[in-house]
Each structure stands twice: as C-alpha cells, then as structure tokens.
Amino acid sequence: MTEKIHVEFCVDLNGDASGEIYKMKREMDFRPCVGDLVFIWDLTDDPFVVDHIALDFPDDNDEHRNGITAWLKPQL
C-alpha cells in the first residue's frame with residue numbers, strides 16, 4: 001500500500017495576481033505533474049492544466065504531513 005500525498009490545488013481566478021485564489025485540498029495516491037489536466041466542477045466544466053508545482057505545503061497544513069501545492073491555469 002502506498003503512502004498518500006496531500007495536494008493543494010490553487011487557481012488564480014482573475015489571472016492577474018490580484019489575490020482572488022481558489023484552493024482545493026485533496027489526498028491522492030500519486031503526485032500530479034506539470035501538464036496534467038484537473039477538473040474543478042465547482043468553477044467550470046473545462047479542465048485546468050497544472051502550470052507549476054511548489055514542493056512545500058502551505059503553513060496552514062493541519063495534518064502536519066508532507067505535501068505539495070499545484071498551481072493551475074485555464075487550458076488554452
């Protein structure tokens with residue numbers, strides 16, 4: 001059995017670094033990679049693309065586990 005990884009997916013909703021960020025935490029069996037498609041049904045039916053990955057988990061990690069932050073952008 002593999003150890004799960006905590007992933008926080010983040011989307012800059014306005015695309016202009018104005019601070020309106022959507023965050024979604026998930027526990028996964030695998031680490032997402034740059035270029036992977038991610039669906040966030042609450043926002044749109046169109047997929048987002050993993051743009052870049054930060055190899056550290058945010059300070060508000062209640063679980064105190066290792067994880068990553070995956071930044072998403074709309075698919076072009």
Exercise. Roughly how far, to the nearest 0.5 Å, is CD1 of I68 from NE2 of H6?
Worked result: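 It is 12.0 Å, given to the nearest 0.5 Å.
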Exercise. How far does OG1 of T69 sit from NZ of K25, to the nearest 0.5 angstrom?
Worked result: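 T69 OG1 to K25 NZ: 9.0 Å, rounded to 0.5 Å.
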Exercise. What residue pairs, at least two apart or across chains, pass salt bridge (Lys or Arg N to Asp or Glu O under 4.0 Å) with a residue in residues 41-52?
Worked result: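 For residues 41-52, and leaving out neighbouring residues, the salt bridge (Lys or Arg N to Asp or Glu O under 4.0 Å) pairs sorted by first residue read D51-K73.
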Exercise. Pick one: which of V49, V34, I21 meets side chain to side chain contact (heavy atoms under 4.5 Å, CB included) with W71?
Worked result: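 So the option named by the test is I21.
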For this session: Would you please test I5 and E27 for side chain to side chain contact (heavy atoms under 4.5 Å, CB included) and show each step?
Result: CA-CA 6 Å; I5 182 170; E27 189 175 61; over 6 Å; no
For this session: Kindly write out the residues that satisfy side-chain contact (heavy atoms from CB on, under 4.5 Å) with D36, not counting sequence neighbours, or none if the list is empty.
Result: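 Partners of D36 under the side-chain contact (heavy atoms from CB on, under 4.5 Å) test: P32, C33, V50.
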Exercise. Got a sec, which residues hit side-chain contact (heavy atoms from CB on, under 4.5 Å) with L13, two or more places apart in sequence or on another chain?
Worked result: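 Only V11, E20, Y22, L43 meet the side-chain contact (heavy atoms from CB on, under 4.5 Å) criterion with L13.
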Exercise. What about M24 and F39, same hydrophobic cluster or not, with Ile/Leu/Val/Met/Phe/Trp/Tyr joined at side-chain heavy-atom distances under 4.5 Å?
Worked result: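 Cluster IDs for M24 and F39 differ.
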